[in-house]
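Report on the following structure.
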Number of protein chains: 2
Amino acid sequence: MATTRAPRRGRPGYTRDQVLQVAVDVFNQQGYDATSVADLAGRLGLTKSALYHHFDSKEQLLELALDSALGGLEGALDEAMQHSTVAEQLSEGIRGAVQVLTARQAEVTLLLRLRGNSAIELAALQRRRTFDQRVAALVRQAQAEGLLRDDIDAGTTTRLVFGMINSIVEWYRTGGSIDPDRLADEVLTVALDGLRPR
Amino acid sequence: MATTRAPRRGRPGYTRDQVLQVAVDVFNQQGYDATSVADLAGRLGLTKSALYHHFDSKEQLLELALDSALGGLEGALDEAMQHSTVAEQLSEGIRGAVQVLTARQAEVTLLLRLRGNSAIELAALQRRRTFDQRVAALVRQAQAEGLLRDDIDAGTTTRLVFGMINSIVEWYRTGGSIDPDRLADEVLTVALDGLRPR
DNA sequence: GTCTATATTAGGATAGAC
DNA sequence: GTCTATCCTAATATAGAC
């Protein structure tokens, strides 16, 4: 919740963070390319020129949001890898990913929908690919230790499980009836034990 | 593979289907909104005007692609529901969805990335929502019959499993090392039995 | 920090020749 | 069925007043 600081005086005004947050929401609702700066200004009740006072370009807004999403995911994985056993690294990694997806939902949504349409988008996709490879390596290790079934390719396994996790951004709603911790448990349950009753 | 008919004579020319196929590919690479008609023309080696000879508008291309994707998914579910037991309906439904996703990958990719940014997109999203509800009802029935665990909400279950299935369009490549039938089996295995070795 | 212009470019779409 | 040329609108971004 913590915005950097309260608006000082004079006109209502917006902080950089507030503007960014609104922009990311609009990007997700309409798509980044389909969103004009006029759309953003309209949503904030400002003019385009006023917005350009806060930011250099529309793309800068995208860049900041993507950095937040990637930083969150990388940080969660870093923390998970500090555990000593592969089993813990795996379950904490999945749990951490679900936490980041729900806590920074808007930013991650933007990341997951990138098409690599500019230098900034390409750089973010490359960074995401590196993250995916770290996770796939972890899954391979878990298979080697007999923690996960190895009759399905590690790459396919990773993609299916992260497909499940990533899809959360499409329907999760903050303040809704689903608690992030509980959701993380359910994801782990489905991924590890499946839907068939034992 | 079957294009409606071979180009007749004269200039090289394109059939409507060929133009559509290329357009959908470009839409997926760059995003629909970020793709200009000039981009499409350039990819085909034509001018914009030549393209408008084949189609009325850029949005018409989108509409045709979305109809193909939705028709495929609905048809697969219709077929699955003809089976007599809920267990068969469920497994055939999942199998059918994977088949459609791999066979009409480009069109489904477009569908899954929609933001509801126009009347056509809104109509497609509504049609997709109806499809989702049919699947959720099937999952609920399977839970009631004890075929699926019921300690996780039917809606959440449906979303997680379809999140896994839908993510296939992001990485599956026709002609790659993965056979669609085998992939469908693996999805069913992960969804029903999970990743933990038994 | 916000406003009213306005410069500049790109995009969707059309007209009419070949 | 494709071309060149062009219209019209909307978009990003800037200049300069308050």
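Only this structure's heavy atoms are used, side chains among them; waters, hydrogens and symmetry mates stay out.
Atom CG of A:Leu51 and atom P of D:dA13 are 11 Å apart (whole Å). Atom pair A:Phe55:CZ and D:dT12:C1' shows a separation of 16 Å (rounding to whole Å applied). To the nearest angstrom, P of C:dC3 lies 10 Å from OH of A:Tyr14. Rounding to whole angstrom units, CG of residue A:Leu44 and C1' of C:dT2 are separated by 13 Å.
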Give every donor-acceptor pair under 3.5 Å between a side-chain atom in residues 177-184 of chain A and any protein atom, sequence neighbours left out.
residue: A:Asp179; atom: OD2; partner: A:Asp181; partner atom: N; Å: 3.2
residue: A:Asp179; atom: OD2; partner: A:Arg182; partner atom: N; Å: 3.2
residue: A:Asp181; atom: OD1; partner: A:Gln99; partner atom: NE2; Å: 2.8
residue: A:Arg182; atom: NE; partner: A:Glu186; partner atom: OE2; Å: 3.1
residue: A:Arg182; atom: NH2; partner: A:Glu186; partner atom: OE2; Å: 3.1

Identify all side-chain donor-acceptor contacts of residues 141-148 of chain B below 3.5 Å with residues at least two apart in sequence or on another chain.
residue: B:Gln143; atom: NE2; partner: B:Arg149; partner atom: O; Å: 3.1
residue: B:Gln143; atom: NE2; partner: B:Ile152; partner atom: O; Å: 2.8

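Regarding contacts with the backbone of D:dT14, every side-chain N or O of A:His53 stays at 4.0 angstrom or more from both OP1 and OP2.
Between the CG atom in B:Leu20 and the CG atom in B:Leu64 there is a gap of 5.5 Å [rounded to 0.5 Å].
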**Annotated protein contacts, base or backbone, on nucleotides 4-17 of chain C with a non-hydrogen cut-off under 4.0 Å, one of B, S, - each** = BB-----SBBBB--

**Asked** So B:Lys58 and B:Asp33, salt bridge (charged side-chain N to carboxylate O under 4.0 Å, His left out) or not? Walk me through it.
**Response** CA-CA 10 Å; B:Lys58 178 180 152 184; B:Asp33 292 298; 5.3 Å; no

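Applying the side chain to side chain contact (heavy atoms under 4.5 Å, CB included) test between A:Val169 and each of A:Leu111, A:Leu110, A:Thr109 identifies A:Thr109 as the sole match.
Looking only at atom types and distance, the side chain of A:Glu170 has no donor-acceptor partner in the side chain of A:Ser167 under 3.5 Å away.
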